[in-house]
Amino acid sequence: MERNETLMQYFEWYLPADCGHWRRTAAAAGALAAQGITAVWLPPAYKGAGGVREVGYAVYDTYDLGEFDQKGTVPTKYGTRQEYLNAIAALHSAGIKVYPDIVLNHRIGADGTEQVTAEESDGKDRNREITGDETITAYTRFDFPGRGGKYSDFRWNWHHFDGVDWDETKRKNAIYQFTGKEWDSEVDGENGNYDYLMGADLDMGNQEVLEELDRWGAWYLETTGADGFRLDAVKHIRFTFFKDWLGKLRQRSGKPLFAVGEYWKNDVGTLLRYLDACGDCMSLFDVPLHFNFYNASHGGGGYDMRNILKGTLLEARPERAVTFVDNHDTQPGQALASWVDGWFKSIAYALILLRGEGLPCVFYGDYYGIPHDKINPVGGDLMTMLRVRSERAYGVRRDYFDDPNVIGWTMEGTEEHPASGLAVVLSDGAGGKKRMSVGARNAGATFAPVTGGGQAVVIGPDGTAEFSVEGGSARVYIRI
Ligand code: CA
């Protein structure tokens with residue numbers, strides 16, 4: 001029997017830097033599977049510039065999965081290479097797929113500098129040069145002396161990058177484009193050209209870079225047995241890059257290699273254009289949906305809930321939408337902080353988990369809480385909804401997005417999933433009632449609420465019943 005898939009982002013920004021995360025991940029695998037999690041996105045597993053304090057996005061050596069004494073440590077923040085591989089094995093044993101976080105846009109923490117001729121780009125219009133050629137001291141030499149050539153003898157130098165944001169001679173921060181280089185075309189258009197994000201920016205037009213990334217991808221896949229990828233910062237990387245990179249890996253491995261890209265833009269048109277440009281080679285996180293949740297949660301009950309799915313990838317291209325409520329960047333204190341307020345979490349999770357569309361991604365910080373910011377887990381509602389998704393969110397859906405406060409939908413269930421069938425009513429404002437149909441197949445059945453309190457209802461002969469909700473909450477009914 002096919003079950004709905006549910007992805008989980010298995011980290012938040014402020015995990016303890018105790019090198020214990022991979023061990024804890026392995027220990028949790030069975031419980032996650034029992035809860036209905038079918039795939040996890042694991043954080044970047046390679047050595048970063050910050051050593052044991054590195055969350056993973058300041059990439060230093062992608063071949064060092066916690067094996068070599070580099071950046072002051074053998075293990076990464078999350079543990080050793082062996083512990084990482086053990087965690088993946090434990091997840092696989094539990095039937096959970098593993099999607100590692102892949103950061104290919106930049107490198108940080110170079111082993112040495114080079115004298116490079118560069119021009120300064122205007123930060124707000126990167127196509128515009130605001131200085132002539134000058135010689136800068138750039139952190140662009142990556143020799144990995146601590147690894148000593150194991151797995152790969154590839155060494156990076158300035159030819160492999162388009163630019164940096166630091167001149168060590170002048171100790172000056174600016175966006176420096178190396179002379180003779182162009183920012184990769186076909187990237188996000190913000191700031192004129194958003195190829196450059198941070199660190200030493202990889203030149204995806206350089207043949208040696210492309211070949212090295214192909215070699216590394218094959219090595220990584222073989223080493224880890226990953227089932228797919230979460231791709232970081234895709235809007236800063238040549239739009240055609242992943243089509244080729246993923247295509248080769250898929251062909252070579254014979255695996256479908258699911259991929260989800262992080263294109264951080266609250267504009268569904270931009271996301272759709274990217275899907276076209278990358279040859280539809282990946283899914284994307286539904287950033288517009290996150291911002292709808294964010295706005296509704298900060299709307300004091302005044303958000304028009306009829307519009308909660310408007311302008312989202314879930315609405316426009318559900319088969320390519322990875323839906324989420326929050327992540328490690330949107331959590332308080334982080335780069336893209338836009339935290340969905342706690343009271344709205346159950347409503348948002350009902351919308352991503354219980355509608356049978358999109359691949360939902362549950363955030364670690366919602367599942368376990370974020371002690372760093374004294375944020376509690378979402379708790380029982382989330383746990384209940386995960387099980388309801390797995391067992392009951394099947395069959396024909398009927399939507400009732402017909403009121404500014406109280407909206408709802410039903411899924412009538414299928415023969416194949418004997419316990420299936422559900423009804424959901426939400427309100428961001430006052431409570432209310434709504435007559436909804438769960439289909440003639442449920443006539444005479446009893447539907448009981450499992451979140452949000454309330455009484456059971458008996459479905460009438462016409463397949464309808466009046467379902468209700470209290471203010472600012474989500475009530476989920478299941479057939480009993
Ligand atoms: Ca770039």
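Both counts, for ligands and for their atoms, begin at 1 and track the order of listing.
- With the Ca ion (ligand 1) as the vertex, O of Asp195 and OD1 of Asp201 span 80° to the nearest 10°.
- Within the 3.0 Å limit, Tyr194 places no N, O or S atom next to the Ca ion (ligand 1).
- Judged by distance alone, with hydrogens and angles left aside, the side-chain atoms of Asp286 form a donor-acceptor pair with the main-chain N or O of Leu314 at under 3.5 Å.
- For the pairing with Asp280, the salt bridge (Lys or Arg N to Asp or Glu O under 4.0 Å) check across Arg273, Arg317, Lys243 returns one residue only, Arg317.
- Not a single side chain to side chain donor-acceptor pair (under 3.5 Å) links His298 to another residue, sequence neighbours left out.
- Residue-level check: among N/O/S atoms of His236, O sits closest to the Ca ion (ligand 1).
- Taken to the nearest 0.5 Å, the CE atom of Met204 stands 5.5 Å off from the CG atom of Leu213.
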